[in-house]
Amino acid sequence: ERGAAGMIVDLMDATVSAVFAQLSGRAELTALCPVTEHVLQDAAWPLTRIGQVESAPIGGKGEQVEEIALQVETLYRGTSPAQLRGMMLEQRRALEGQALEHEGVTLHPPVWGGAAVDGPAKDGHSYVGIQTFIIIAEPA
């Protein structure tokens, strides 16, 4: 089933907005690093940002139900990747199995789809952590 009057709803944007709000609202995470959707050229690291987002249809004919795979990225510079992993743990705690809310959309609790840490980069102290969360979304 679609949104009001059969209109297609932007479930991807709604999901990103809800995840951003959830991450931004977790004090244990924001105490470690800011949460952002856009990385400005002079942004200070560490930071949490929403990365790649993919959506695929999983509903039946005429239904708008989407499985959204969303990556949460952690950008970190330093000597201890353990700090990076600590930030990733707080991201996971903020999202996995938690209720997400967005007006006009039903979002199922995120399922953790795995994580990876890469680094250091050539500079010797830049790392990136990426976690994937799977969220089922449909018009409310």
Side-chain angles (χ1 to χ4, degrees):
E1 118 190 20
R2 297 183 186 261
M7 297 287 293
I8 294 174
V9 175
D10 189 346
L11 298 176
M12 189 180 284
D13 186 66
T15 301
V16 169
S17 295
V19 166
F20 183 79
Q22 189 77 6
L23 290 170
S24 298
R26 182 159 181 88
E28 295 88 344
L29 175 59
T30 58
L32 298 173
C33 66
V35 177
T36 183
E37 268 192 87
H38 309 287
V39 180
L40 303 175
Q41 190 168 356
D42 57 353
W45 288 20
L47 58 86
T48 290
R49 78 175 204 106
I50 295 172
Q52 181 178 358
V53 183
E54 295 181 336
S55 183
I58 60 169
K61 185 175 181 175
E63 286 185 308
Q64 186 186 2
V65 182
E66 298 175 18
E67 179 180 270
I68 297 174
L70 180 144
Q71 291 185 346
V72 176
E73 299 176 349
T74 312
L75 305 178
Y76 170 79
R77 281 193 189 111
T79 57
S80 174
Q83 291 180 339
L84 167 77
R85 293 188 299 271
M87 292 174 223
M88 292 175 71
L89 176 61
E90 291 306 328
Q91 294 160 359
R92 185 173 176 183
R93 287 176 174 164
L95 295 175
E96 185 177 8
Q98 301 300 311
L100 296 178
E101 295 184 12
H102 193 276
E103 187 176 342
V105 175
T106 299
L107 298 166
H108 296 242
V111 174
W112 185 72
V117 174
D118 190 26
K122 288 181 182 178
D123 65 8
H125 59 267
S126 294
Y127 296 82
V128 63
I130 299 174
Q131 298 191 83
T132 301
F133 294 89
I134 309 299
I135 302 161
I136 307 299
E138 57 191 302

Begin from the C-alpha positions of Q98 and Q22 and carry the test side-chain contact (heavy atoms from CB on, under 4.5 Å) through to its verdict.
CA-CA 9 Å; Q98 301 300 311; Q22 189 77 6; 3.7 Å; yes
Begin from the C-alpha positions of M88 and V117 and carry the test side-chain contact (heavy atoms from CB on, under 4.5 Å) through to its verdict.
CA-CA 10 Å; M88 292 175 71; V117 174; 3.6 Å; yes
Residue pair V53, T15: steps toward the side-chain contact (heavy atoms from CB on, under 4.5 Å) verdict
CA-CA 9 Å; V53 183; T15 301; over 6 Å; no
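Just one residue in the list P109, P110, S17 forms a side chain to side chain contact (heavy atoms under 4.5 Å, CB included) with L100, and that residue is P110. For the pairing with E90, the side chain to side chain contact (heavy atoms under 4.5 Å, CB included) check across L29, T30, T48 returns one residue only, L29.
To the nearest 0.5 Å, atoms CG (L107) and NE2 (H102) are separated by 8.0 Å. Here the OG atom belonging to S80 is positioned 7.0 Å from the CZ atom belonging to R85, to the nearest 0.5 angstrom. Distance check, rounded to the nearest 0.5 Å: CG of L23 to SG of C33 gives 9.0 Å. To the nearest 0.5 angstrom, M87 atom CE is 10.0 Å from L75 atom CG.
No side-chain donor from either of R49 and T36 sits under 3.5 Å from a side-chain acceptor of the other. A side-chain donor from one of Q131 and Q91 sits under 3.5 Å from a side-chain acceptor of the other.
Cluster membership for W112 and I134, using ILVMFWY side-chain heavy atoms within less than 4.5 angstrom, is not shared. Residues I136 and V111 fall into different hydrophobic clusters, defined by Ile, Leu, Val, Met, Phe, Trp and Tyr side chains chained together at heavy-atom separations under 4.5 Å. Hydrophobic clustering (ILVMFWY, side-chain heavy atoms < 4.5 Å, transitive): L89 and Y127 are in distinct clusters.
Judged purely by atom type and a 3.5 angstrom limit, Q64 uses its side chain to pair as donor or acceptor with the backbone of V9. Under a 3.5 Å cut-off, the side chain of H108 and the backbone N or O of T106 do not form any donor-acceptor pair.
Within a 6.0 Å sphere centred on CD of E96, heavy atoms belonging to other residues, nucleotides or ligands number more than 12.
The closest side-chain heavy-atom distance from P46 to L84 is not below 4.5 Å. Taking the side chain as every heavy atom from C-beta outward, P120 and H125 never approach each other to under 4.5 Å.
The shortest non-hydrogen separation linking P139 to L11 is N-CD2, 3.9 Å.
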